[in-house]
Amino acid sequence: MTSQTAKADDTPMIEMRGLNKWYGDFHVLRDIDLTVQRGERIVICGPSGSGKSTLIRCINHLEEHQQGEIVVGGIPMTQDVKRIEQIRHHVGMVFQHFNLFPHLSVLENCSLAPIWVQKKPRREAEELAMKYLERVRIAEQAHKFPGQLSGGQQQRVAIARSLCMHPEVMLFDEPTSALDPEMIKEVLDVMVELAEEGMTMLCVTHEMGFAKTVADRVIFMDQGQIIEENAPEPFFNDPQSERTQLFLSQILGH
Amino acid sequence: MSKLTLNTTPVDARPAPKRSIGAIAWLRANLFQGPINSVLSLLAIWALIAGLTPLIQWAIIDADWIGTSREACSSGGACWVFISARFEQFIYGFYPSELRWRVDLTFVLFAVMIAWLALPRLPAKKLAAVLTLAVFPIVAFYLLHGGLFGMPTVPTHRWGGLMLTLVLAVVGIVAALPIGIVLALGRQSKMPIVKSISVVFIEFWRGVPLITVLFMASVMLPLFVPTEVDMDKLVRALIGITLFQSAYMAEVVRGGLQAIPKGQEEAAAALGMGYWKRMGLIVLPQALKMMIPGIVNTFIALFKDTSLVLIIGLFDLLAIVQAALADADWLGYSIEGYVFVAFVFWIFCFGMSRYSQYLERKLHTGH
Ligand SMILES: Nc1ncnc2c1ncn2[C@@H]1O[C@H](COP(=O)(O)OP(=O)(O)O)[C@@H](O)[C@H]1O
Ligand SMILES: [Mg+2]
């Protein structure tokens with residue numbers, strides 16, 4: 001593990017400098033500079049289509065950027081497949097639509113990557129999976145298939161699946177926006193606990209209550225740019241930019 | 001302001017009312033709804049009776065079933081004696097009679113494997129798949145061909161009939177599947193060379209009729225292998241059929257791959273899985289399930305197409321029946337021969353078609 005050496009605690013978890021990305025001619029990310037320290041919790045918000053998903057998907061190279069650099073846990077991102085996979089080992093991701101593997105049981109969903117990527121023995125991987133399924137309070141469903149669970153339960157399994165890889169940072173892309181209202185809280189509760197345990201987190205979400213209680217910083221994006229970045233208290237009470245004010249008034253409904 | 005209503009008495013669940021349709025009501029609703037429908041229904045019924053009566057008369061009522069030679073056929077109907085007298089040859093070709101148990105055993109093993117794979121109730125599908133794809137072909141080869149444990153060798157030019165048809169179709173489909181998967185993955189590849197090779201390969205074979213492929217396989221393949229290797233005629237046909245079939249299989253696989261949401265591969269990638277693990281553990285297992293109806297349909301098409309091998313001198317079911325028609329003892333019974341061939345093909349294809357429809361329904365509703 002060459003990465004261990006680069007893991008000194010003062011290196012930032014994520015560094016993005018001068019990041020630019022285009023889809024064809026469409027300039028989707030513009031001059032993004034963002035540094036995330038270890039243990040920091042960041043919430044990203046902004047109107048639909050502003051590039052929030054694209055931004056966090058660049059961090060584990062689900063999207064490729066064309067300009068600028070990204071360093072994750074001290075490892076600079078390159079085109080090299082091995083390098084990308086190495087970075088992905090340290091980065092967990094939770095998707096809006098859960099993306100659980102429907103042909104595998106909940107337990108298999110969680111133990112698959114530890115077995116095949118980290119080469120853990122099956123027994124050990126399953127114990128690990130059970131440990132995290134208990135943490136997200138869904139251990140009793142371990143032998144069901146994802147299709148038999150509610151949305152909130154599926155999203156909690158997805159979080160456990162990510163945690164089984166012992167990530168150093170977790171990326172959340174609107175983890176509650178595909179859920180029925182009564183299920184949002186069970187997922188947010190798990191995320192809050194995760195934050196309290198000191199996990200480095202980058203969450204794209206419009207759950208402003210979550211942002212206020214958990215975030216160290218809130219970032220507002222619009223049209224591919226970071227417009228405003230502040231601690232939650234001043235961000236919500238005293239937004240500087242007009243676009244932020246407009247967005248907040250729309251989302252908070254007053 | 002609307003008035004508040006509050007209802008706290010629970011309503012017990014009741015069974016849904018039964019819809020009762022008697023035979024008369026059914027006839028009226030489906031066949032005799034209005035004058036035009038009635039006329040059309042009567043016409044259709046008349047046509048069915050007019051067409052089927054002589055057929056049934058010929059094939060069943062007037063037919064001769066028992067006997068050993070053409071003397072037994074005197075009643076003017078179909079002479080099924082011809083089929084029963086030659087039946088063994090139609091099934092086994094020129095396979096030595098005392099060794100035919102080996103063919104039977106192979107067929108039985110195959111039927112057991114297929115039942116194991118196809119019947120949802122039976123457990124350990126993965127083991128069954130591995131056995132069918134990896135172990136069964138080897139066992140089947142040594143059973144049919146011999147040469148192991150002192151079993152006499154039966155050269156492939158003695159194989160024939162239904163047995164050969166099944167060998168061609170099954171080997172064709174089983175060998176084409178992995179090649180088809182590789183081609184379909186290649187076609188999606190981001191590497192331009194891999195992609196273009198796959199596309200050219202697929203489009204080439206899809207654009208050539210099977211009959212041409214078989215001619216090419218029997219004439220051209222020997223040009224590519226060293227002369228000291230005497231390539232078996234059956235092997236040549238199998239190579240041709242497999243390459244041809246793999247192009248179609250690739251398109252079936254591609255359809256299956258496209259049906260899997262992109263999020264699946266992304267989730268696997270985010271967990272640090274490399275390409276082959278993403279494909280092998282996440283995408284293909286899901287895609288294969290959706291591909292089964294397509295694979296079965298391709299198999300039906302191939303099963304019927306195998307009879308083209310008669311043009312390169314292999315005696316499949318159709319060819320061997322045709323050869324028997326030329327026998328001076330049985331001249332004049334070609335209708336019986338062709339009806340028999342059609343019937344055997346139909347039984348197999350109909351069975352597979354029903355199975356694939358059942359699967360489609362199941363995939364549609366379940367997981
Ligand atoms: N694969 C793609 N190809 C082309 N345009 C895309 C693609 N993905 C996203 N976009 C566009 O990029 C913009 C930003 O998308 P996204 O990052 O998903 O926004 P957000 O998550 O903030 O809603 C949107 O306008 C979207 O239409
Ligand atoms: Mg988004």
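The figures that follow rest on heavy atoms only: side chains count, while hydrogens, waters and symmetry mates do not.
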Show the nearest heavy-atom pair for residues [X] and [Y], with the distance to one decimal.
X: A:Arg88; Y: B:Arg278; result: NH1-NH1, 4.1 Å
X: B:Ala269; Y: A:Leu62; result: CB-CD2, 4.0 Å
X: B:Gln264; Y: A:Pro102; result: OE1-CD, 3.4 Å

Applying a strict 4.5 Å limit to non-hydrogen atoms, the region of A:Leu100 in contact with chain B is backbone

Take a 6.0 Å sphere around [atom1] of [X] and say whether it holds more than 12 heavy atoms from other residues, nucleotides or ligands.
X: B:Tyr142; atom1: OH; answer: no
X: A:Lys120; atom1: NZ; answer: yes
X: B:Ile193; atom1: CD1; answer: no

Heavy-atom pair count under 4.5 Å with chain B, highest-scoring of [options]:
options: A:Met93, A:Arg161, A:Lys82, A:His97; result: A:Arg161
options: A:His61, A:Arg57, A:His103; result: A:His103
options: A:Phe95, A:Trp116, A:Phe98; result: A:Trp116

* To do: For side-chain contact (heavy atoms from CB on, under 4.5 Å), just list the numbers for B:Leu271 and A:Leu112, CA-CA rounded to whole Å, side-chain angles, deciding distance to a tenth of an Å, and then say yes or no.
  => CA-CA 9 Å; B:Leu271 289 166; A:Leu112 189 75; over 6 Å; no

d(B:Lys277 NZ, A:Ile115 CD1) to nearest 0.5 Å is 12.0 Å

Output for pair (A:Asn60 CG, B:Glu266 CD), nearest 0.5 Å, gives 9.0 Å

